[in-house]
Every structure is written in C-alpha cells, then in structure tokens.
Amino acid sequence: MMTSHPDPLAPLRPLGAVLNPDLVQATYRVITPLAAALDPATTAARYDIAYGPHPRNRLDLYRPAGGEPVETVVLFVHGGGFAGGDKGGEGKPFFANIGQWAASEGFAAVAMTYRLLPDARWPSGAQDVAAAIAHISENAETLFGTSPRIVLAGQSAGAINVADYLAGRAGPVHDAVAGAVLMSGLYDFTRHDRRTFEDAYFGENPAEFAAHSTLAALASCPLPLMFTVAELDPPHFQRQAAHLVEIWMAENGAWPHMHYMPGHNHISPAPLIGSAVDTLGPVIARFVREVVAET
C-alpha cells in the first residue's frame, strides 16, 4: 500500500494568519529547502543591472540558456513593507526561483529592487517600476534579442507598487506591458488600518488616503489582471481581496481573476514558484500566455 507524504506546507499553519518578523523567519526556514534551484544548464542569469541612479535601482535578469530571442518577460517586484526585501542576487535562492521557473516556461524573468524607507516616499515605488520597464524596453534587443511583451508580478508591497503604476501614478503605462499579477496587495486605504511603515511611506494625512487607493483604477484597467490571496494571509489582506471583488463586481458585473491559495501564508507563495510543491506558477504561466496572445 502506498503511504501518503505529509503536506510540506503544514508547518506554516501553526504560525497563524499574521505578519511579523517571527513568522517571516519561520516561514523561510520551512520553504527554503523546498525552493527551486537555479540550473545554469537551462537558465542564463545576469545580476545587478542598473536601471536608475539609486543604489537599489537594480535588477537581475534570467532567460532560457541558448540565446534564442525571448518574446515574453515577467517583471517581479518583491514585497517587504516598503522597508525591506530584495530581488536576491547571485547564489541566493529568492528570487532566482522565479527566474528558473520562467526559463522552464520559455519566458524571461526580471527581478527588481526599488527604493526603500527612508529614501522612498509615495509614489516612488511606481516610479521605480516605470524606470525598470523603460530600461528593459529600451535595451530589449540587447537583453532579449527582440521586443518582448512584459507581464508585471508584485507581491505585498510589490503589488502596491504595481497597482500604483497601473493607476498612472508614474505616468502612462508602457505599451510593452500586457498584464499584471498582484499577490496579496492592499488597494483601498480608506478601509484599512494603517501600519507605521505605511504611514512612513504614504504619509499620515487621512485626506490623502483616497488618493493612495487603486481599487477604482484597477477595476477599470484595460489590461488583463490576476489577483491572489492566501488562506493564511492576515485578515486585513483578506478584507482587501473582498473589497476588490466588491468594486470589481460593481464595475464589471463579474468576478476578477482571483486565485485562492490554500495552506499558504503571506510570505510563502512567490518563493515557492517553480518548486516541486508549486501550485501558483502553473496558474501564472497560463495567465501570461493568455494575455500575451491577446495583445
């Protein structure tokens, strides 16, 4: 008789639906052994490419080995509460895992960093996303051998930066952008209990909270969008997903493309993309192919 294997995500559940340093550290202890390793035989990598003047205006680029032109790029924007987080780098598993996953799907991936507190101030995150897109588009022939379509993907604070970019907070959306994936983001600051780091980035004036919100802009965005929410996301992130569904339904008469991730917490989904226990990567890959085919 076959024996069943334990759920590798089971250790995440006792950590609870919270977000604090203890949970972050404990989550990485669980997921790091599961991460997809970069394989130089299949994935070519370049690190720390400057896309702007700030020391954190850097990106890592991954593409299938062999040098053939790449038609699709996934630009990943990490989370970290506007005060932490990183793209990874040479020898680091996260977020090289997304580069390995992308190459296995025939895509290229770019993992970017952006300005953090105290240097960051809204809407600098969106401005850095715009600068990264401009750089890879202007250098597309050198980097990718063609002019590829770009699909944005952001997690947590990275999702907020992507949402701000889509809402026009850094100017018009670049023509190369075909769609976006927003993972466990915050979109309505009029119905949200602000955290200290959010006040530091956005400011504390309640009169500006509506201007910081992106729900209406996302619901009317002409580009295809995909959203995710995790079972063990903290309640305020889950409420944001509910607010999104509410506004999207009112605007479009249908549900958004919302993917629910059982067993995951706020941290775990993106680092496990491409791993043996990955359930999100195939969904994103299908979305990416669909939106690129439509444009």
Side-chain angles (χ1 to χ4, degrees), residues 36 42-43 61-64 68-77 95 97-112 129 132-133 136-137 140 143-156 158-159 161-168 172-185 187 214-215 217-230 241 244-245 247-249 251-262 264 269-275 277-295:
T42 62
T43 306
L61 185 150
Y62 306 89
R63 55 180 293 177
E68 295 298 318
V70 183
E71 301 288 345
T72 304
V73 177
V74 176
L75 173 59
F76 178 73
V77 190
F95 288 95
N97 65 295
I98 291 179
Q100 180 65 29
W101 160 80
S104 73
E105 297 286 353
F107 311 146
V110 171
M112 64 172 285
V129 170
I133 292 169
I136 62 180
S137 296
L143 298 175
F144 309 109
T146 185
S147 297
R149 305 295 285 155
I150 300 170
V151 177
L152 309 178
Q155 181 186 29
S156 193
N161 291 340
V162 170
D164 275 330
Y165 173 76
L166 295 172
V173 173
H174 198 286
D175 289 342
V177 176
V181 180
L182 297 97
M183 297 179 268
S184 297
Y187 315 111
T214 55
L215 265 187
L218 295 175
S220 61
C221 181
L223 296 175
L225 304 179
M226 172 183 160
F227 303 88
T228 74
V229 63
L244 176 72
V245 171
I247 298 302
W248 195 281
M249 279 288 298
E251 176 71 23
N252 300 295
W255 271 62
H257 185 164
M258 177 71 72
H259 182 65
Y260 177 76
M261 294 177 290
H264 280 280
L272 287 178
I273 289 175
S275 72
V277 299
D278 177 24
T279 59
L280 178 58
V283 179
I284 295 179
R286 183 167 60 249
F287 172 79
V288 168
R289 289 192 172 91
E290 289 173 352
V291 303
V292 169
E294 292 173 2
T295 57

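Bear in mind the structure is a predicted one, so any value in this text is a computation, not a measurement.
- Rounding to the nearest 0.5 angstrom, the gap separating the CG atom in Leu223 from the CD atom in Glu294 is 10.5 Å.
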Item to check | Candidate pair Arg289 and Phe107, rule side chain to side chain contact (heavy atoms under 4.5 Å, CB included), full reasoning | outcome: CA-CA 10 Å; Arg289 289 192 172 91; Phe107 311 146; 4.0 Å; yes
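- Counting heavy atoms from C-beta outward, Met183 and Leu280 have side chains that approach closer than 4.5 Å.
- The minimum heavy-atom distance between Gly99 and Ala109, with the atom names listed, is CA-CB, 3.9 Å.
- Atom NE2 of His257 sits about 10.0 Å away from atom CZ of Phe227, to the nearest 0.5 Å.
- At least one side-chain heavy atom of Met249 sits under 4.5 Å from a side-chain heavy atom of Trp255.
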Item to check | Gln155 and Thr228: CA distance, side-chain angles, deciding distance, side chain to side chain contact (heavy atoms under 4.5 Å, CB included) verdict | outcome: CA-CA 9 Å; Gln155 181 186 29; Thr228 74; over 6 Å; no
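- Rounded to the nearest 0.5 Å, atoms CH2 (Trp101) and CG (Leu272) are 14.0 Å apart.
- When all heavy atoms of Ser184 and Ala230 are compared, the closest pair comes out as OG-N, 4.1 Å.
- Residues Ile273 and Phe95 are not in side-chain contact: their nearest non-hydrogen atoms beyond the backbone lie 4.5 Å or more apart.
- Within the 3.5 Å criterion, the main-chain N or O of Glu68 finds a donor-acceptor partner in the side chain of Arg63.
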Item to check | Derivation and outcome, side chain to side chain contact (heavy atoms under 4.5 Å, CB included), residues Val177 and Tyr165 | outcome: CA-CA 11 Å; Val177 176; Tyr165 173 76; 4.0 Å; yes
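- Using a 4.5 Å heavy-atom cutoff, the side chains of Tyr62 and Phe76 are not in contact.
- The two residues Ser275 and Ala36 make their nearest non-hydrogen contact at N-CB, 3.9 Å.
- In this structure, Val110 and Val73 have side chains that are in contact, with non-hydrogen atoms separated by less than 4.5 Å.
- Distance alone, capped at 3.5 Å, places no donor-acceptor pair between the Asp164 side chain and the Thr214 backbone.
- At distances below 3.5 Å, at least one donor-acceptor pair connects side-chain atoms of Asn97 with backbone N or O atoms of Pro271.
- Counted by atom type alone, Thr43 and Gln100 present one or more donor-acceptor pairs between their side chains at under 3.5 Å.
- The minimum heavy-atom distance linking Ala217 with Ala167 is given by the pair CB-CB, 3.6 Å.
- A pairwise comparison of heavy atoms in Ala176 and Pro148 identifies CB-O, 4.1 Å as the closest pair.
- Leu225 is listed as a side-chain neighbour of Leu166, based on a closest heavy-atom distance under 4.5 Å.
- Counting heavy atoms from C-beta on, the side chains of Val291 and Met226 never come closer than 4.5 Å.
- With rounding to the nearest 0.5 angstrom, the CG atom of Leu152 is 9.5 Å from the CE atom of Met112.
- No more than 12 heavy-atom neighbours from other residues, nucleotides or ligands sit within 6.0 angstrom of CG on Asp175.
- The nearest pair of heavy atoms linking Ala219 to Ile247 is CB-CG2, 4.0 Å.
- For the atom pair CG (Leu244) and CE (Met258), the distance works out to 4.5 Å, reported to the nearest 0.5 Å.
- Residues Phe144 and Ile136 are in side-chain contact: their nearest non-hydrogen atoms beyond the backbone lie under 4.5 Å apart.
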